[in-house]
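Convention: sequence-line order gives letters A, B, ...; per-chain numbering from 1.
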2 protein chains.
Amino acid sequence: MKFSTRAEYGLKAMVNLAKDHPAQKSIKEISKSKEISVKYLERLINELRKSDLVKSQRGKNGGYMLAKKPSLMKVGEIIEVVEGPIVPMNCAGKKCAMLNKCSSQIVVWNKVGEQIKKTLYGIKLSDLI
Amino acid sequence: MKFSTRAEYGLKAMVNLAKDHPAQKSIKEISKSKEISVKYLERLINELRKSDLVKSQRGKNGGYMLAKKPSLMKVGEIIEVVEGPIVPMNCAGKKCAMLNKCSSQIVVWNKVGEQIKKTLYGIKLSDLI
DNA sequence: TCAATGCATACTAATTAAGTAGGATTAAAA
DNA sequence: TTTTAATCCTACTTAATTAGTATGCATTGA
């Protein structure tokens, strides 16, 4: 029950951009401490761009900037972009037929999922600066 | 951001035992629908035994039973036994030095972790019968 | 003693996460 | 117009984790 490094890297990159908003920064600048592969981060940010959380400028002197103000961005939406939907258990498929019906346990996963979403969508990017 | 099948199987087994509490049941009975490897479930339940959530009787006609009443057992403790501690991000180690300090993000992971625990420890096994 | 059960350990397979490589595309600057 | 520095795209490789299997030992009631 963990978030992956994608959530960590993605969020860190966004915080980094938020600190200098609305400045535009290149990948190299964003990952300047070199503790992470530039290429890997590049792809992550690209996904954030495709989901319209960041804007990009191609070509020389290009880079990235936030697509909206940090106060309008929720941690939850960032994480869902890089990690996929927040659902703590995929209750579909063959496995769910085992033992008895799993109707009782769905209650558990749903409650947990709701709480996680509530928490993550309750934190603004601007809260982390 | 998902729980593994260990949480699913473990919880289902416990619900199964809870339904007939305080009866004793063998692994075969617990997993009677055969949608899961008996051996795999055996090991899972063994871990629950070592953590004193179930009691076992070895030998012929042996089996398992809950170590306490379903109303005294929390879903959270079951899941932590089979899945390990509920912490949504391991903020230790080299990676945490990347980009800037990660002090701001720790707030996020801590909040989420607390909410998940609160939710899971707020559900009794007896609530799932 | 036999058979049915739990217990322990090691091994293998499958899946997912993480990281790497190479080059195409774009646009500013020289 | 050429060079250069940046994003964008796709495929591949490696590492880590999860899931499942196999084998045999230990225990106990019939």
Would you tabulate the side-chain donor-acceptor contacts of residues 44-59 of chain B under 3.5 Å, counting partners in other chains and residues two or more places apart, or write 'none'?
residue  : atom : partner  : partner atom : Å
Asn46(B) : OD1  : Arg49(B) : NE           : 3.1
Asn46(B) : OD1  : Arg49(B) : NH2          : 2.8
Glu47(B) : OE1  : Arg6(B)  : NH2          : 2.9
Glu47(B) : OE2  : Arg6(B)  : NH2          : 2.9
Ser51(B) : OG   : Glu47(B) : O            : 3.3

Determine, step by step, whether Tyr121(B) and Glu80(B) satisfy the side chain to side chain donor-acceptor pair (under 3.5 Å) criterion, reporting the C-alpha distance in whole Å, the side-chain angles of both residues, the deciding distance to 0.1 Å, and the verdict. CA-CA 10 Å; Tyr121(B) 277 86; Glu80(B) 290 208 294; 2.6 Å; yes

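Heavy atoms only, all atoms of each residue included: Phe3(A) and Met1(B) are closest at CE2-CG, 2.8 Å.
End-to-end axis angle of the helix from dT1(C)-dA30(D) to dA30(C)-dT1(D), using five pairs per end and rounding to 10°, comes to 0°.
Atoms CD1 and CG, from Ile78(A) and Leu120(A) in turn, are 10.0 Å apart once rounded to the nearest 0.5 Å. Between the NZ atom in Lys19(A) and the OG atom in Ser126(A) there is a gap of 13.0 Å [rounded to 0.5 Å].
Classification of the Tyr40(A)-Tyr9(A) ring pair by plane angle, with boundaries at 30° and 60°, yields perpendicular.
No donor-acceptor pair closer than 3.5 Å links the side chain of Lys124(A) to the backbone N or O of Val75(A). For Glu83(B) (side chain) and Ser4(B) (main-chain N/O), a donor-acceptor pair under 3.5 Å exists by modelled atom type.
Across the protein-nucleic acid pair, Leu44(A) atom CG and dC9(D) atom P stand 15 Å apart, rounded to whole Å. If you take NZ of Lys25(B) and P of dG6(C), they are 12 Å apart, rounded to a whole angstrom. Regarding Lys2(B), its NZ atom lies at a distance of 16 Å from the C1' atom of dT17(D), rounded to whole Å. Going from atom CG of Leu41(A) over to atom P of dC8(D) covers 12 Å, rounded to whole Å. Separating the CG atom of Asn61(B) from the C1' atom of dT27(D) is a distance of 12 Å, rounded to the nearest angstrom. Here dA19(D) presents its C1' atom at 13 Å from CD of Glu47(B), a figure rounded to the nearest Å. What separates NZ of Lys55(A) from C1' of dC8(D) is a distance of 19 Å, to the nearest Å. The distance between atom CD of Gln24(A) and atom C1' of dA5(D), rounded to the nearest whole Å, is 13 Å.
Base engagement by Gly59(A) is indicated by at least one non-hydrogen atom pair under 4.0 Å involving a base atom.
Pro70(A) has its side chain within reach of His21(A): a pair of non-hydrogen atoms, C-beta onward, lies under 4.5 Å apart.
Proximity of Lys60(A) to the phosphate of dT26(C): no side-chain N or O atom is located under 4.0 Å from OP1 or OP2.
Between Glu77(A) and Lys74(A), no side-chain nitrogen of the basic residue sits less than 4.0 Å from a carboxylate oxygen of the acidic one, so the salt-bridge criterion is not met. Salt bridge annotation for Lys12(B)-Glu8(B): present, with a cationic side-chain nitrogen under 4.0 angstrom from a carboxylate oxygen.
With hydrophobic clusters built from ILVMFWY side chains whose heavy atoms lie under 4.5 angstrom apart, Val112(A) shares a cluster with Ile123(B).
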At under 4.0 Å between heavy atoms, how does the protein contact nucleotides 12-17 of chain C? Give one character per nucleotide, 5' to 3', with B, S or -. ------

Set out, line by line, the N/O atom pairs under 3.5 Å between protein and nucleotides 7-10 of chain C.
residue : atom : partner  : partner atom : Å
dC7(C)  : OP1  : Arg49(B) : NE           : 3.0
dC7(C)  : OP1  : Ser56(B) : OG           : 2.6
dC7(C)  : OP2  : Tyr64(B) : OH           : 2.9
dC7(C)  : N4   : Lys39(B) : NZ           : 3.1
dC7(C)  : N4   : Glu42(B) : OE2          : 2.8
dA8(C)  : OP2  : Arg49(B) : NH2          : 3.0
dA10(C) : N6   : Arg43(B) : NH1          : 2.8

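The stretch residues 77-87 of chain A has no heavy atom under 4.0 Å from DNA chain C, so no residue of it qualifies as close.
The side-chain contact (heavy atoms from CB on, under 4.5 Å) search around Val38(B) returns Ile27(B), Ser31(B), not counting sequence neighbours.
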